[in-house]
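Please read the structure below before turning to the comments.
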Amino acid sequence: MKKIFFSLFSALILCNAVLHAQGVKPSPQMKAYIDGLMKKMTLEEKIGQLNLPSAGDITTGQAKSSDIAKKIREGKVGGLFNVKTVAKIKEIQRVAVEESRLKIPLLFGMDVIHGYETVFPIPLGLSCTWNLEAIEQSARIAAIEASADGINWTFSPMVDIARDPRWGRIAEGSGEDPYLGAQIAKAMVMGYQGNLTDNTQILACVKHFALYGAAEAGRDYNTTDMSRVRMFNEYFPPYKAAVDAGVGSVMASFNEVDGIPATANKFLMTEVLRNLWGFKGFVVTDYTGINEMIDHGMGNLQEVSALALQAGIDMDMVGEGFLTTLASSLKEGKVTIQQIDHACRLILEAKYILGLFDNPYKYCNESRAKTDIYTAAHRKIARSIAAESFVLLKNQDDLLPLKKGGTIAVIGPLADNKRNMPGTWSVAANFDNAISVLTGIKEVAGTEANVLYAKGSFLDDDSLFEQRAGMFGKDFSRDGKTKQQLMDEALAVAARADVIIAAVGESSEMSGESSSRTNIDIPRAQKDLLEALLKTGKPVIMVMFTGRPLTIKWESENIPAILNVWFGGSEAGYAIADVLFGDVVPSGKLTSTFPQNIGQVPIYYAHKNTGRPLPEGKWFEKFRSNYLDVSNDPLYPFGYGLSYTTFSYSDVKLSSNKMSKSGKIMASVTVTNTGMLEGKEVVQLYIRDLVGSITRPVKELKGFQKINLKPGESKEVSFTITDEMLKFYNSDLKFVSEPGAFKVFIGGNSRDVKEASFQLY
Ligand code: BGC
């Protein structure tokens, strides 16, 4: 490809500078280049840039492939997604830059959500590490691997706040908290994009803008409706953090907001995203998001395509509404050429910033594909991050960690099930390489231990549910056995064991997209198994797989030890064994509240007080905000997670109990490791604004530090409180702080905290 305006080197320096500022930002050189290119483009070629087909078919079938290749030659494709391997991508890019009239390179996207072939824990699990460096590193490694295979654009991070565990996509985000979600959004954008100067850094796409996680009744794709005050304070912060971190693209969500689908929502796409937040990159729809507006009841394909463009959408994923209708809409005066030009320019700018005009094969280095993917170094990091994501929910009488010896029975439908380990959205994973719990335990325990196995139960008794929840039929096949046969085998194995590890919970397809549940218990068949195992009198450790908080009240009351392992990625089996045997001391903390029962949902720590709060220490009082049948408490609160050691917290010390708006104060505690093992603790800072012009949550996370302490060691942990941390969006949507009384809480979870107070003046 010819270098038209300036050398690769100067382009890269320039890109570096602009990207640091705010995503894909125009520069005079880029503008001149794109002006020149756009002058040569026909209307059809401009509209073609707005088209993003899925090329999944290219990897499998010929027919569709030649159809897409034809469109590429005709300049009717701006980017493709779902192509795997650098060789295929290189060939498709060759068609674009050698056989199309203007030789415009393509974007190649993929859902690289929590790793590429080296798979990290699902995002909900990752967030439980509370380790921003580790999270950034996981995104960095994902970018290194994806880019080595030809990908230059990932549809990640997914930052939708979710407070309803019925919604299966809670697995894909960072949980319920806007502050933590914002920190993670930023870390992931930095990990993927860096400064976008070299061929291991790829364009990120924050999604799903906006409020997708607030689907009514937790049913995927369902309606959302909320006040603007709530949007701005509780749901927008992670999207905004990604924009502030320079994310290059944004994906619109499927749901409606204020009665208008996000895909046609000018308030979201133009007023908030561009005018208020200054986003300079491009906006892509979600999969057929434009076409779905026909079913939303917004008009026919031509009408909804025009609505999307007018709202501020630049690229149409899969549905070809833009491709097939925008020219007519222009002719009929329903859209303007300026609108088409604007969208086209933003996509070309992204390609420019990625360096594709200088070198369309920048991401097509075939030797990197051999050396940089699924490497031993990446797998080692994935194993350690996975271990850090697990949350120890219960550990009665220090049952864990286990000794590497004796006879260990590993029982459960998820025990010998490697294909289930990577979790939802592991599109690039090689499932056959994943490490099951059984393999992990055998290898980490070594020859000292005698490890036995039985499947023990079906995933669920309801075979239809089991089918829907088990994408990989092979691992969940019933092998012609009855429930009783599986149970008998399990009990026979358990009888020979010193300790039982029950690997139970959800299959990976029970959470993720289109995997909502109204009952979030561990499936009945597995509960029956757990009950039978407990009756043996042997110690039972539940290793729980899940993509969401589950209702495990009975389990928490009856099973002595529970380790929640989410879906830990390709190395999960090893990581689980590392924690079970104490090679790694658990340090994960929940980022979404575990309810006692489904009726409490949505339940989250940063709730409002209401006018009739329940007096502290009570679980019911007539005419107060509570239930007759269950207390308001969660089963496990946000921020909760045990260790193999224990920590104590001193009282909170404030450097002053008064703070001016231009000043700051320090809040400190001394944390001591009071147990016998070295361990990590996530020290959490919460603040409550006691009086506001709008009602304020009873607690809001405002900071955290993850510290390491040796047995007996103490550390002082200090947080600086500034006016910025006390601000919120008031009813005029102004970001303000208000003078008055505040409470400061510090502790190891959102419930067990020490507190102090100060006044802002
Ligand atoms: C999902 C997106 C994803 C897209 C492309 C959609 O169904 O909602 O999160 O990026 O598909 O695969």
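In each ligand, atom 1 is the first atom listed, and ligand 1 is the first ligand listed. Counting from 1, the numbers follow the sequence of the chain as shown. What you see below is based on every heavy atom in this structure, not just the backbone, and it leaves out hydrogens, waters and symmetry mates.
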Salt bridge check: are K84 and E117 linked by an N-O gap of less than 4.0 Å? yes
When you look for protein heavy atoms under 4.0 Å from ligand 1, which residues do they belong to? F81, D111, F155, R169, K207, H208, M251, F254, D286, Y287, M317, W425, E513
According to side chain to side chain donor-acceptor pair (under 3.5 Å), who are the partners of S592, at least two apart in sequence or on a separate chain? none
Check for me whether R228 meets the cation-pi criterion with F267, that is, NZ or CZ under 6.0 Å from the six-membered ring centre and within 45 degrees of the ring axis. yes
Pair listing, salt bridge (charged side-chain N to carboxylate O under 4.0 Å, His left out) test, anchored in residues 292-319, at least two apart: R274-D314
Is E172 paired with R169 through a side-chain N to carboxylate O contact shorter than 4.0 Å? yes
Sequence neighbours excluded, the answer for ring-ring contact (aromatic ring centres under 6.0 Å, His included) partners of W566 is none
